[in-house]
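Accompanying notes for the structure given below.
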There are 2 protein chains.
Amino acid sequence: MDLGFSREGAVDAPLDRAARHLEFDQRATVIDEGDEARFIYLILEGAVMMSKLLPDGRRQIIELLGSGDVFGITTTDTHDCCVETLRPTRILCYDRKTVDGSQSLQSLITERMKAQICALHDHAVLLGRKSAIERVATFLMRIVPGRGGSGCIGGPRKEDNANVRVPLTRQEIADYLGLTLETVSRAFSHLKRDGLLVYGRHDEVTIVNVCRLCQHTGSH
Amino acid sequence: MDLGFSREGAVDAPLDRAARHLEFDQRATVIDEGDEARFIYLILEGAVMMSKLLPDGRRQIIELLGSGDVFGITTTDTHDCCVETLRPTRILCYDRKTVDGSQSLQSLITERMKAQICALHDHAVLLGRKSAIERVATFLMRIVPGRGGSGCIGGPRKEDNANVRVPLTRQEIADYLGLTLETVSRAFSHLKRDGLLVYGRHDEVTIVNVCRLCQHTGSH
DNA sequence: CGCGGACTTGATCTGTCTCAAGTGCCGTGG
DNA sequence: CCACGGCACTTGAGACAGATCAAGTCCGCG
């Protein structure tokens, strides 16, 4: 079973001979705010979160990324956000100069960036206009492999449950969804009470009926 | 005086012979949700807003774009957001095929996309974590030509006022900032009462001290 | 068994939304 | 030239979703 934030299929990495291969454990820091922006990163396997801090400590998690996604993109010469792994993660690390010189690498990155822009658009709608329950439902939908995108495929079906791992703490989910930890917890409880969710072991959750959950995202 | 959402300097447009030139009035629709995604657009002059709707009518304005910015980017074959002009606007309109064939055009677009991703990151922080006043202050800062970016340049100065045009209605600002029209209006009144803002004619506003306003953005 | 961290749940508070009047401004038509 | 209407905006009062504060509870681990 897939663990979310990832596209299906293998990641084809051009010029991987020219790249540095990095391996990280769970909860490792890949980039810190202020780091010099020398590299572009491509996730081969795993998942990371990208976050920004306000001076008074408020945090917003800005993107959740999985295999195939790129990060380290900036217009300045330092990074303005930090990136941490959510799971053990393998990353390819290209020097900017390498990227500038490679046509195929550039078009791979551009393609990824397009997808990420679309995701950021959707996330802006979530942050700007959705209720707490809708945010959590949308978040859960995004974790379901192959269903996070534009929504329901086909009509509601009898058997449509999904077992997902949620590799984020409540606080992290809150920081991603622009809520507090308590509100996220209450939303989970609410969805559970309504029979949409069943908790499993550890960080596992069963979505009883994906299509029914989807009705709560506000997007359908 | 600059009207905001725009970088300084001329827009150099590669392959402009291959592109269609479009001119729009104020408040014209360039793209509607559901339109076929055949083109990539480059703003030569003017400003547009890109927005998304939820099925129940809630709207989020996702990006404000000015000269040099690109739009029409999507991973699907239809557009999932709509784009309207805020001012009379001249746009270059490239066929996707043209873009795919041109190295220089692609790198221009990639460069713009990077900047837009950074802007979307900042906007996510705003939507997820900032108070109403901070949102409005940040928005106003963004409109000040050359100051919208990473923040204060140098320390506070005596003379640091700026005259800006706000080519959006309160409702549009609200939809951009994830607030209601009334809350935006109250925030404006609040900033005015504190002597940070003076209203001019029409949609003109004088920011009495840019650096002082900047202190209210939450980012400094 | 007991500790600590993540999570849940409850009670209360508050910033923003909602609803409802205004006010001011501009263009139109008498 | 002024009355009128419409629209954008402002302002107030009250409601409410989510934040904050404060106990718990659960569970893995030493």
Side-chain angles (χ1 to χ4, degrees), chain A residues 26-27 49 54 56-61 84 86 126-140 165-194 196-205 216 218, chain B residues 26-27 49 54 56-61 84 86 126-140 164-194 196-206 216 218:
Chain A
Q26 213 160 13
R27 310 276 149 187
M49 61 179 180
L54 290 176
D56 62 2
R58 282 174 284 178
R59 179 173 72 160
Q60 178 67 34
I61 293 173
E84 289 167 76
L86 292 170
L126 178 146
L127 293 172
R129 291 293 176 226
K130 288 190 178 181
S131 72
I133 296 261
E134 288 171 339
R135 292 179 201 210
V136 171
T138 307
F139 167 73
L140 286 168
R165 268 195 64 211
V166 182
L168 301 173
T169 65
R170 294 284 182 268
Q171 181 62 64
E172 286 160 352
I173 298 170
D175 286 344
Y176 182 54
L177 301 179
L179 299 168
T180 59
L181 161 174
E182 294 94 331
T183 301
V184 171
S185 182
R186 278 184 245 272
F188 267 86
S189 301
H190 186 98
L191 292 171
K192 189 177 153 199
R193 211 176 312 122
D194 287 3
L196 288 159
L197 250 43
V198 178
Y199 292 5
R201 292 226 149 259
H202 302 286
D203 51 3
E204 279 170 27
V205 175
H216 291 257
Chain B
Q26 215 162 12
R27 310 274 151 188
M49 62 180 179
L54 290 175
D56 62 2
R58 283 174 284 179
R59 178 174 72 159
Q60 179 66 35
I61 293 174
E84 289 167 76
L86 292 171
L126 179 148
L127 292 173
R129 290 295 176 225
K130 288 191 178 180
S131 72
I133 295 262
E134 288 171 338
R135 292 180 201 209
V136 170
T138 307
F139 167 72
L140 286 168
V164 298
R165 268 194 63 209
V166 183
L168 301 172
T169 65
R170 294 284 181 268
Q171 181 63 63
E172 286 161 352
I173 298 170
D175 286 344
Y176 181 55
L177 300 179
L179 299 168
T180 58
L181 159 175
E182 295 93 333
T183 301
V184 171
S185 181
R186 278 185 247 271
F188 267 86
S189 300
H190 186 97
L191 292 171
K192 188 177 153 201
R193 212 176 313 124
D194 287 3
L196 288 159
L197 248 44
V198 177
Y199 292 5
R201 292 226 151 261
H202 302 287
D203 50 3
E204 279 171 28
V205 175
T206 301
H216 291 256

Is there a side-chain contact between [X] and [Y], using heavy atoms and a 4.5 Å cut-off?
X: A:Phe188; Y: A:Ile173; result: yes
X: B:Val198; Y: B:Lys192; result: no
X: A:Ile133; Y: A:His190; result: yes
X: B:Lys130; Y: A:Leu54; result: yes

Using a cut-off of less than 4.0 Å, is there contact between a side-chain N or O of [X] and OP1 or OP2 of [N]?
X: A:Thr183; N: D:dG18; value: no
X: A:Tyr199; N: C:dT8; value: yes
X: B:Arg201; N: C:dC25; value: no

| said: Need to verify one output field. Residue with the more 5' nearest nucleotide on DNA chain D, B:Leu181 or A:Ser131? | reply: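 Upstream on the strand: B:Leu181.
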| Base of D:dC9 paired with side chain of B:Glu182 (donor-acceptor, under 3.5 Å) |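 No.
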| task | Check every strand shown and say whether B:Leu179 touches a base, only sugar-phosphate, or nothing at a heavy-atom separation below 4.0 Å. | result |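 Touches sugar-phosphate only.
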| task | Would you classify A:Arg135 as touching base, sugar-phosphate or nothing, given that sugar-phosphate means primed atoms plus P, OP1 and OP2, and contacts are heavy atoms under 4.0 Å? | result |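 It contacts nothing in the nucleic acid.
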Once you round it to whole Å, what is the distance between [atom2] of [N] and [atom1] of [X]?
X: B:Gln171; N: C:dC17; atom1: CD; atom2: C1'; answer: 12 Å
X: A:Asp203; N: D:dG28; atom1: CG; atom2: P; answer: 12 Å
X: A:Glu204; N: D:dG28; atom1: CD; atom2: P; answer: 12 Å
X: A:Asp175; N: C:dC7; atom1: CG; atom2: P; answer: 12 Å
X: A:Arg27; N: C:dG5; atom1: CZ; atom2: C1'; answer: 13 Å
X: B:Ile173; N: C:dC17; atom1: CD1; atom2: P; answer: 14 Å
X: B:His202; N: D:dA8; atom1: NE2; atom2: C1'; answer: 14 Å

| query | Passes side chain to side chain contact (heavy atoms under 4.5 Å, CB included), A:Arg129 versus B:Asp175? Steps please. | reply | CA-CA 8 Å; A:Arg129 291 293 176 226; B:Asp175 286 344; 2.8 Å; yes
| query | Given that A:Arg170 and A:Arg129 both sit by DNA chain C, which one's nearest nucleotide is further toward the 5' end? | reply |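 Its nearest nucleotide being more 5', the pick is A:Arg170.
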| task | Enumerate the residues from residues 185-193 of chain A whose closest heavy atom to DNA chain D is under 4.0 Å, giving them by residue number; use none for an empty result. | result |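 Going residue by residue through residues 185-193 of chain A, the ones with a heavy atom under 4.0 Å of DNA chain D turn out to be A:Arg186.
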| message | How close do A:Arg135 and A:Leu127 get, counting heavy atoms only, and between which atoms? | response |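 Reported closest heavy-atom pair: NH2-O, 3.2 Å.
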| field | Audit row: B:Leu197, B:Leu140, side chain to side chain contact (heavy atoms under 4.5 Å, CB included) steps and yes/no | value | CA-CA 10 Å; B:Leu197 248 44; B:Leu140 286 168; 3.8 Å; yes
